[in-house]
Amino acid sequence: VDEANAYKEELWDTYSSLNPNADRETYQAYQIFALGSDVSAGDLKYIDRNGDGIITNIDEGYLDTPSFPESMFGLRTGVNYKKISVAVLLQGATNYAINIRTDNNPDPSRGSILDFVWNRYTPERYEAGEEIEFPRLLATNDNWKDVGSFWMRNASYLRLKNIKLAYTFDTGNRAVQTLGLNSFSVYTNAMDLLTFSSIKYLDPETTNGVLRYPRSRVFNLGVQAQF
């Protein structure tokens, strides 16, 4: 609370110096908020870029954070040992950021990502010393509607895209000979099994700011035969 009040006072000092006749009682520092609402504990601290003592859309600016990977890579490798083979496909991307707030930011009229609600600021959670990850929630949605640097997170990732484990039977195996097969193997594979990323709430490959159905892990079990 003290920090929020101090910032509001700092903005007021700037604004009043530029507008000597300004009314302190009606002054609203965060004019991006709904009328009558202003900066308080649990709010994001927006930078007064143009130095006029109020936070408006004019304070928006460009961020040096590309939303498309500058580098993408993949590695396919494997190993064979006797009758067992393992094949692995790794995929990754680096040097980019995405808007984790997404286009489905918390709003009283619809749902959102549950972590945004659980990990938001509340006086009770703050007093209990709990980790605060997100701003307070307001009925007007003021704290979440604008995209800022707080929401742009490093989306670099490494993904285990595919892993396959197979066992190949000898051509001299009685069952293989009985079936008249030249080769026979059984295998299992998994897709999108693991992803290593600093982003916890959504897929780092998500199109910037667009919330999509979570990526599913896929498991298969099969046989491969040649006659």
Side-chain angles (χ1 to χ4, degrees), residues 63-106 110-120 130-134 147 149-227:
L63 299 174
D64 187 20
T65 50
S67 58
F68 189 83
E70 293 183 347
S71 302
M72 302 179 70
F73 58 87
L75 173 65
R76 187 185 299 273
T77 186
V79 61
N80 295 308
Y81 179 73
K82 297 182 178 180
K83 303 172 186 178
I84 299 173
S85 64
V86 178
V88 173
L89 173 60
L90 298 173
Q91 171 189 306
T94 61
N95 299 329
Y96 77 112
I98 63 174
N99 169 24
I100 66 163
R101 189 208 63 177
T102 78
D103 59 341
N104 200 35
N105 51 298
R110 61 181 181 180
S112 183
I113 297 176
L114 193 57
D115 296 273
F116 289 168
V117 180
W118 279 346
N119 300 327
R120 75 189 190 281
E130 297 181 35
E131 182 181 2
I132 307 295
E133 292 188 64
F134 301 109
V147 178
S149 57
F150 176 83
W151 302 110
M152 301 301 294
R153 305 293 175 88
N154 178 15
S156 299
Y157 72 92
L158 175 65
R159 171 169 285 147
L160 180 55
K161 187 67 178 176
N162 192 300
I163 181 169
K164 179 180 179 182
L165 174 65
Y167 181 88
T168 302
F169 291 87
D170 288 330
T171 54
N173 182 278
R174 180 177 298 178
V176 174
Q177 292 179 340
T178 301
L179 294 172
L181 301 176
N182 291 327
S183 68
F184 182 77
S185 61
V186 295
Y187 70 88
T188 181
N189 75 337
M191 299 176 62
D192 298 319
L193 188 60
L194 295 170
T195 301
F196 303 95
S197 172
S198 61
I199 295 179
K200 299 180 289 183
Y201 309 106
L202 63 158
D203 186 353
E205 282 190 280
T206 299
T207 302
N208 186 39
V210 179
L211 186 62
R212 294 181 175 176
Y213 192 83
R215 186 181 295 269
S216 300
R217 294 185 178 95
V218 178
F219 299 89
N220 297 300
L221 181 64
V223 298
Q224 198 167 23
Q226 290 184 349
F227 293 90

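These values consider heavy atoms only, across backbone and side chains, with no hydrogens, waters or symmetry-generated copies.
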Asker: Return yes when atom CG of Asn220 has more than 12 non-hydrogen atoms of other residues, nucleotides or ligands closer than 6.0 Å, and no otherwise.
Answerer: yes
Asker: With a 4.5 Å cut-off on side-chain heavy atoms, are Thr206 and Tyr201 touching?
Answerer: no
Asker: Just verifying a value: how many Å separate Leu89 CG and Arg76 CZ, rounded to the nearest 0.5 Å?
Answerer: 5.0 Å
Asker: Where do Ala93 and Phe73 come nearest, in terms of heavy atoms and distance?
Answerer: N-CE2, 3.7 Å
Asker: So which atom in Ser185 and which in Phe169 form the shortest heavy-atom distance, rounded to 0.1 Å?
Answerer: CA-CD1, 4.5 Å
Asker: Go through the steps to decide whether Leu165 and Tyr187 satisfy the test side chain to side chain contact (heavy atoms under 4.5 Å, CB included), and finish with yes or no.
Answerer: CA-CA 6 Å; Leu165 174 65; Tyr187 70 88; over 6 Å; no
Asker: Run the salt-bridge test on Arg217 and Asp192 with the 4.0 Å N-O cut-off and return the result as yes or no.
Answerer: no
Asker: Would Tyr96 and Glu70 count as having a side-chain donor-acceptor pair, cut-off 3.5 Å?
Answerer: no
Asker: If we only count heavy atoms from C-beta on, is the Lys200 to Glu133 side-chain gap below 4.5 Å?
Answerer: yes
Asker: Quick check: do Arg215 and Glu205 have side-chain heavy atoms less than 4.5 Å from each other?
Answerer: yes
Asker: Side chains of Asn162 and Val88: closer than 4.5 Å at any heavy-atom pair?
Answerer: no
Asker: Quick one: does any side-chain atom of Ser156 pair with a main-chain N or O of Asn95 as donor and acceptor, under 3.5 Å?
Answerer: yes
Asker: Is there side-chain contact between Leu90 and Lys161, with at least one heavy-atom pair below 4.5 Å?
Answerer: no
Asker: Do Ser198 side-chain atoms and Asn154 backbone N/O form a donor-acceptor pair below 3.5 Å?
Answerer: yes
Asker: Does Tyr81 reach the side chain of Val86, with side-chain heavy atoms less than 4.5 Å apart?
Answerer: no
Asker: Looking only at non-hydrogen atoms, find the nearest pair between Ile100 and Phe116 and report the distance.
Answerer: O-CZ, 3.1 Å
Asker: Would you indicate whether Glu130, at its atom CD, is surrounded by more than 12 heavy atoms from other residues, nucleotides or ligands within a distance under 6.0 Å?
Answerer: yes
Asker: Going from OG1 on Thr65 to CG on Asn99, what distance comes out if it is rounded to the nearest 0.5 angstrom?
Answerer: 9.5 Å
Asker: So, the side chain of Ser71 versus the backbone of Thr94: is there a donor-acceptor pair under 3.5 Å, distance only?
Answerer: no
Asker: Could you check if a side-chain atom of Arg159 sits within less than 4.5 angstrom of a side-chain atom of Asp203, using non-hydrogen atoms only?
Answerer: yes
Asker: Both conditions, 6.0 Å and 45 degrees, for the charged tip of Lys83 above the ring of Tyr167: are they met here?
Answerer: no
Asker: About how many Å separate CZ of Phe134 and CG of Asn119, when rounded to the nearest 0.5 Å?
Answerer: 6.0 Å
Asker: Do Arg101 and Val147 touch side chain to side chain, with heavy atoms closer than 4.5 Å?
Answerer: yes
